[in-house]
Structures are given as structure tokens and as C-alpha cells.
Trainee: 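One structure is given below, represented as C-alpha cells, and several questions about it will come after.
Here the structure is a predicted model, which is why all the values come from computation and not from measurement.
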Amino acid sequence: MTTYTNPVLNADWSDPDVIRVGDDFYLTASSFGRVPGLPLLHSRDLVNWTLVGHALERLEPAGEFTKPRHDCGVWAPSLRYHDERFWIFWGDPDQGIFQINAPGIRGPWTRPHLLKSGKGLIDPCPLWDEETGEAYLVHAWAKSRSGVKNRLTGHRMDPDGRGLLDEGKVIVDGDRIPGWFTLEGPKLYRHDGWFWILAPAGGVETGWQGAFRSRGFFGPYEEKVVLEQRDTDVNGPHQGGWVRTPSGQDWFLHFQQKGAYGRVVHLQPMRWGEDGWPVLGDAGAPVAVHKKPDLPPQPDAAPATDDDFPGGRFGRQWQWTANPQRGWATHHSGDGLRLTCVRTADAHDLRKLPNVLTQRLPGMPSAVEVELQLHSEEPGARAGLAVLGDAFSWIGLQRGADGAVHLVHRFAEGVAEQERDADHPRSAPTGRVRLRIEIGAGARCRFFYDLGDGPRPSGPVFAATPWRWVGALLGLFALAPVGGGHAGAATFSHFRIDHL
């Protein structure tokens with residue numbers, strides 16, 4: 001195949017940023033309140049990507065993330081390579097701007113360093129000016145925390161990345177640009193004697209990509225819209241990063257907001273026009289299909305989804321919904337994920353649980369399957385497979401008050417404070433079941449179960465919903481009501497996602 005089709009990452013890899021180091025391309029994305037955070041992806045051709053790890057083991061301060069905070073945590077990171085080190089800067093809207101760095105993409109990464117404290121400081125991006133040796137930082141603002149938005153603030157930065165050298169100055173004020181609003185997500189570059197800021201505006205579902213240039217870092221900047229929806233079906237094409245191949249080709253990776261699927265990632269060709277401004281996509285409109293970059297052919301690849309959980313360990317595609325505690329997942333000699341039935345007062349609402357192990361909802365019609373065995377004798381103990389968002393639905397096993405195991409299917413609407421049955425409970429005498437969710441167009445989910453006599457449908461169709469900034473998630477969990485002593489465990493095995 002000499003062409004590629006967008007999106008190149010068809011799942012919620014929100015707010016991507018990309019760099020090239022030698023022949024390798026690396027990408028990171030927002031991870032919000034999930035742990036581990038700051039996913040790290042690798043590619044050799046900008047089309048086929050694999051997940052190689054995460055840069056952030058736990059969210060800090062740890063006490064703030066013992067429970068899910070789905071729209072907090074790591075917002076819009078910037079990835080850079082400088083002084084033979086990888087650097088990631090990100091904004092936590094409640095704490096400020098953090099920085100970590102490492103000698104290699106797989107680490108070891110430093111502990112988070114708070115570079116600038118404050119509410120509403122988001123979307124930071126550094127620049128080390130190779131010509132002058134000076135360093136700079138630009139960031140945006142979240143109105144929900146600061147009361148300020150639609151402007152970009154610039155600082156001179158200590159070249160070691162650990163301090164800022166001034167109080168900061170507004171270098172682009174979106175309120176002064178006719179028609180512009182929600183200016184955010186800046187990425188800072190030097191090119192052809194100019195300081196460049198590539199930044200989106202207009203909101204995630206309807207916005208556009210802007211470019212700003214100035215001869216001096218602190219401005220004044222002139223602006224131009226360089227990518228917008230036009231007559232394509234790619235709504236809000238914006239917020240991402242520019243990267244150049246070894247031969248000098250330019251490319252731009254950005255996201256598209258797609259409801260429950262989150263923010264999927266597109267690859268756009270990029271060139272510099274006769275007027276010196278960047279031209280993205282097809283004369284400023286997103287491309288659906290395009291010739292591949294001029295890079296060596298690579299085998300088809302995508303971030304892993306399937307998992308046999310060897311030795312009880314889960315793959316790097318999984319994230320907890322908050323900082324994990326020791327003992328939630330137990331290592332053992334065989335295959336299969338053994339989750340402890342964690343005792344909780346929030347058993348009625350999966351959205352409140354930190355011990356849900358999640359991965360991204362696939363962006364194309366797919367079937368998700370997993371085998372489940374419930375080992376707990378505790379009345380009320382349960383385990384299952386969930387589609388988790390502002391609304392949620394799950395199917396799994398529960399130990400009843402009568403001592404029997406039941407197949408149960410439950411859900412909760414976005415406004416509901418607790419779950420209720422989506423179908424009548426059924427006897428599951430072996431304590432084992434094969435669970436299946438078929439995800440169709442529009443993230444409409446059909447649930448199935450197989451107790452040994454073939455798959456059977458359960459309940460009505462459930463339309464997956466996103467969180468505020470996060471796409472819907474697939475989740476595995478085990479829990480039990482509040483009480484004393486160990487409540488047992490559940491084993492998940494042969495997790496598979498197949499495209500339909």
C-alpha cells in the first residue's frame with residue numbers, strides 16, 4: 001500500500017504531540033486522571049504506531065488521585081528532545097505546569113517537577129533556541145480554574161527547564177483577533193528566522209488550526225487559519241504537532257473529536273507556501289487518504305489491545321482510573337488477570353471506583369470478549385466487563401445472598417446516582433462465563449453472555465457516552481460490599497478485540 005487512510009490512530013489519543021529523533025518518531029497524548037499516565041508511542045513511518053510505555057507512573061500529589069478525577073490530571077503534554085534527553089511538559093489545571101525528562105524514551109523518567117504553580121495553567125510547550133542558547137515556554141489558560149481563556153502567555157525559561165526567568169507576558173490575545181475564541185494548545189517552534197506557534201481555536205468539536213509568527217518571541221504575532229473542516233466530515237481538525245522527516249518532508253498530526261470514541265488522530269501533509277506560511281492537508285482542508293510519507297515501508301501495526309495476562313500481569317495498554325494500591329492485581333504462575341474483589345461503599349457506581357482497569361474504546365465497529373471466573377464466596381461480590389463513561393453499562397457475575405452465582409447486566413444513565421438492572425439476572429452455576437460486547441456505529445453496544453450453551457444477547461442496546469474530555473473506556477473490575485476480611489477475587493482471561 002502506497003497510501004494511508006485517516007485516522008492513523010483510531011481511538012482516544014487526545015491532544016497528540018510528536019517529535020523525530022533520528023529515524024524514530026515518538027508521540028505522547030493526554031491521559032487525564034488515568035494511571036499510568038503520559039502514553040509513549042513509537043513509529044518509523046508516522047502511520048503505524050505501537051505503544052512502548054508510559055512516562056508517569058503515578059499522579060501527584062498522590063493523595064489527590066486516590067479516587068477517579070476523570071477530567072483532571074495530565075492535560076495536553078508537549079514532547080521534545082533536547083541536550084540528548086527527552087522532555088515532557090504538561091499542565092495540571094488544578095496545580096500548574098509540570099516537567100519530566102529522561103535519557104531514553106523508555107526512561108528512567110525523573111519525578112515531576114512543578115515549573116509554574118497556579119490554577120488554570122494548561123497546554124505548556126518549551127522551546128530551546130539553538131541559535132541563541134535561550135529557552136522559552138508558552139502556555140494557555142483554562143477559564144474553569146482561572147477565569148481566563150483565549151490567550152497565550154510566554155516566558156523566558158532557564159535552559160535546564162527547572163525555572164522561569166520572568167513573570168510572563170500575554171504574547172497572543174485571542175480576544176483581539178476578530179472571530180477567534182478558545183485559543184489553546186500552543187506548540188512552539190523556530191523556522192526560517194521566525195518564532196512559530198501552531199495553536200487551535202474555536203473549540204474541540206468545531207474549531208480550526210491556527211498558525212502565528214513573529215520575529216521576536218514576545219511578539220507581535222500575525223495569524224492565519226491553516227486547517228479547517230471545509231466540506232469534509234472531519235469536524236474540528238486541530239491541536240497537534242509538526243514533524244519533519246529525514247528527507248525534509250513536513251507532516252502534521254492532530255485530533256478529531258468523535259463523541260464516545262474520544263479524540264482520534266489524523267496525519268496531514270504539510271508544506272511551506274510561497275508566502276512563508278504553512279499549508280496543511282489539501283490546501284487547508286483535511287485529507288482522508290494520502291500518499292504515505294517518504295519513509296521506509298513498515299509492517300502494519302497499532303497499539304496492542306488483546307491480552308492473555310501471562311503470570312497475572314497486564315499489558316501496557318491498560319490504565320487504572322486512579323492511583324493504584326498494592327494488591328488489586330495478583331501475580332501468579334499461570335495466565336489470567338486475577339483481580340481482588342476490593343471492598344467499597346461505591347459498589348453501586350463504577351464511575352466512583354479507582355480499581356477499574358481500563359483501555360480505550362476502539363474507534364471502529366468491534367467485538368470485545370473476555371472470559372470471567374468469580375472465586376469469591378462473599379454475598380454481593382461481583383466482577384465484570386464494562387463500557388464506562390458519563391453513563392455506563394456492565395455485564396458479569398455476582399454472588400447472591402443465597403450463595404448462588406448469577407449472571408447480571410446493569411447500567412446507569414449519566415444523571416443516575418446508582419446502577420440498575422438492564423436485564424433479569426440468570427443463574428450461572430459454574431461461576432464462569434464468556435462475555436461479549438459488540439460495538440457498532442455510533443458506539444452503540446450490544447451485550448452477550450455464554451454460560452456454556454452458546455452466546456445469548458442481554459438487555460437493550462447501550463449507547464456509549466464520553467466523559468467531559470475523555471472518550472468512553474472498556475473496563476474490567478472486581479469488587480465487594482463493605483465488610484471485614486478478604487472478599488475473594490475474580491480471574492479474567494483471553495481478552496480480545498476483533499474488528500467487525
Trainee: Would you confirm whether T321, through its side chain, and P354, through its main-chain N or O, come within 3.5 Å as a donor-acceptor pair?
Mentor: yes
Trainee: How far does CG of L188 sit from OH of Y136, to the nearest 0.5 angstrom?
Mentor: 9.5 Å
Trainee: Should N235 and T206 count as side-chain neighbours, where that means a heavy-atom distance under 4.5 Å?
Mentor: no
Trainee: Got a donor-acceptor contact below 3.5 angstrom from the R44 side chain to the L46 backbone?
Mentor: no
Trainee: Suppose we call two aromatic rings close when their centres sit under 6.0 Å apart. Are F65 and W320 close by that rule?
Mentor: no
Trainee: Taking the side chain as every heavy atom from C-beta outward, state whether P297 and K292 have any pair of such atoms under 4.5 Å apart.
Mentor: no
Trainee: Can you confirm if the NZ or CZ of R151 lies within 45° of the ring axis of W141 and under 6.0 Å from the centre of its six-membered ring?
Mentor: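 Not satisfied by the 6.0 Å and 45° rule.
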Trainee: Within this structure, what is the CD-CZ distance for the pair E223 and R213, rounded to the nearest 0.5 Å?
Mentor: 11.0 Å
Trainee: Hey, what's the ring geometry for W196 with H191, parallel, tilted or perpendicular (30° and 60° as the breaks)?
Mentor: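 It falls in the tilted class, 30° to 60°.
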Trainee: Can you tell if the side chain of P39 reaches within under 4.5 Å of the side chain of R316, non-hydrogen atoms only?
Mentor: no
Trainee: Treating E184 as the side-chain partner and A199 as the backbone partner, does any N or O pair qualify as donor plus acceptor under 3.5 Å?
Mentor: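 No; judged by distance alone, with no hydrogens or angles, the pair does not exist.
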Trainee: What are the two closest heavy atoms between A464 and V387, and how far apart are they?
Mentor: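 Distance-wise, the nearest heavy atoms are CB-CG1, 3.7 Å.
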Trainee: Would W194 and W277 count as a ring-ring contact (aromatic ring centres under 6.0 Å, His included) here? Give the steps.
Mentor: CA-CA 11 Å; W194 296 87; W277 288 89; 7.6 Å; no
Trainee: Could you walk me through whether W109 and L40 pass side chain to side chain contact (heavy atoms under 4.5 Å, CB included), step by step?
Mentor: CA-CA 12 Å; W109 290 87; L40 301 167; 3.9 Å; yes
Trainee: Apply ring-ring contact (aromatic ring centres under 6.0 Å, His included) to H238 and F255, showing your working.
Mentor: CA-CA 6 Å; H238 68 257; F255 76 72; 5.4 Å; yes
Trainee: Using ring-ring contact (aromatic ring centres under 6.0 Å, His included), reason through F252 and W242 one step at a time and then give a plain yes or no.
Mentor: CA-CA 5 Å; F252 184 76; W242 161 40; 9.4 Å; no
Trainee: Do the rings of W128 and W87 sit parallel, tilted or perpendicular, given the 30° and 60° boundaries?
Mentor: tilted
Trainee: Below 4.0 angstrom, N of the basic side chain to O of the carboxylate: do R190 and E130 qualify?
Mentor: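 Result for this pair is no, no salt bridge flagged.
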Trainee: Just do the side chain to side chain contact (heavy atoms under 4.5 Å, CB included) check on H42 and Y26 with the steps written out, would you?
Mentor: CA-CA 5 Å; H42 170 258; Y26 299 103; 3.5 Å; yes
Trainee: Which label fits F309 and F495: parallel for a plane angle under 30°, tilted from 30 to 60°, or perpendicular past 60°?
Mentor: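 Correct class here is perpendicular.
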Trainee: Could you tell me if the side chain of Q359 sits less than 4.5 Å from the side chain of I497, heavy atoms only?
Mentor: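 A side-chain contact exists here, since the closest heavy-atom pair is under 4.5 Å.
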Trainee: Less than 4.5 Å apart, side chain to side chain, heavy atoms only: is that true for I171 and F195?
Mentor: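 I171 vs F195: side chains apart.
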Trainee: If you take all heavy atoms of P293 and W251, which pair is closest and at what distance?
Mentor: CA-CZ2, 3.4 Å
Trainee: Taking all non-hydrogen atoms of both residues into account, name the closest pair between A329 and L339 and its distance.
Mentor: CB-CD2, 4.0 Å
Trainee: Counting N and O atoms only, with roles assigned by atom type, does the side chain of D83 sit under 3.5 Å from a partner on the main chain of R85, one being a donor and the other an acceptor?
Mentor: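 Judged by distance alone, no pair lies under 3.5 Å.
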Trainee: Quick one: does any side-chain atom of T153 pair with a main-chain N or O of H139 as donor and acceptor, under 3.5 Å?
Mentor: no
Trainee: Side chain to side chain contact (heavy atoms under 4.5 Å, CB included) for S14 and F32? Distances and angles first, verdict last.
Mentor: CA-CA 9 Å; S14 177; F32 298 98; 4.0 Å; yes
Trainee: Once rounded to the nearest 0.5 Å, what's the spacing between atom CZ of F25 and atom CG of L295?
Mentor: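 The CG atom of L295 is 4.5 Å from CZ of F25, to the nearest 0.5 Å.
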Trainee: In terms of side-chain geometry, is the basic nitrogen of R145 or D94 positioned less than 4.0 Å from the acidic oxygen of its partner?
Mentor: yes
Trainee: Could you label the plane-to-plane angle of the W394 and F477 rings as parallel, tilted or perpendicular, counting under 30° as parallel and over 60° as perpendicular?
Mentor: perpendicular
Trainee: Is there a side-chain contact between P303 and L9 in this structure, where contact means two heavy atoms from C-beta onward sitting under 4.5 Å apart?
Mentor: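 Touching, per the 4.5 Å side-chain cut-off.
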Trainee: Which residue pairs pass the salt bridge (charged side-chain N to carboxylate O under 4.0 Å, His left out) test when at least one of the two sits in residues 272-287, sequence neighbours left out?
Mentor: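 Sorted result for residues 272-287: K224-D275.
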Trainee: Assign the ring pair Y221 / F212 to parallel, tilted or perpendicular, where the plane angle (0 to 90°) is split at 30° and 60°.
Mentor: perpendicular
Trainee: For residues D71 and W467, is any side-chain donor paired with an opposing acceptor at under 3.5 Å?
Mentor: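 D71 vs W467: no donor-acceptor pair found between side chains.
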Trainee: Rounded to the nearest 0.5 Å, how far apart are CZ of R446 and CD of E438?
Mentor: 8.5 Å
Trainee: Output the distance between atom CG (L385) and atom CG (L476), rounded to the nearest 0.5 Å.
Mentor: 6.0 Å
Trainee: Around atom CD of E60, are there more than 12 heavy atoms from other residues, nucleotides or ligands closer than 6.0 Å?
Mentor: yes
Trainee: What are the two closest non-hydrogen atoms of R162 and D160, and how far apart are they?
Mentor: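 That closest heavy-atom pairing would be N-OD1, 2.9 Å.
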Trainee: Let's go through R496 and D308 carefully: what are the C-alpha distance in whole Å and the side-chain angles of both, what is the deciding distance for side chain to side chain contact (heavy atoms under 4.5 Å, CB included) to 0.1 Å, and is it a yes or a no?
Mentor: CA-CA 9 Å; R496 297 287 183 272; D308 288 321; 2.9 Å; yes
Trainee: Going by heavy atoms in the side chains, are N6 and V287 under 4.5 Å from each other?
Mentor: yes
Trainee: Contact between R156 and F218 at the side-chain level, heavy atoms closer than 4.5 Å - yes or no?
Mentor: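 With C-beta onward as the side chain, the pair touches.
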Trainee: If I compare all heavy atoms of P61 with all of Q95, which pair ends up nearest, and what's the gap?
Mentor: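 P61 and Q95 have their closest heavy atoms at CD-OE1, 2.7 Å.
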Trainee: About how many Å separate NE2 of H54 and CG of L38, when rounded to the nearest 0.5 Å?
Mentor: 8.5 Å
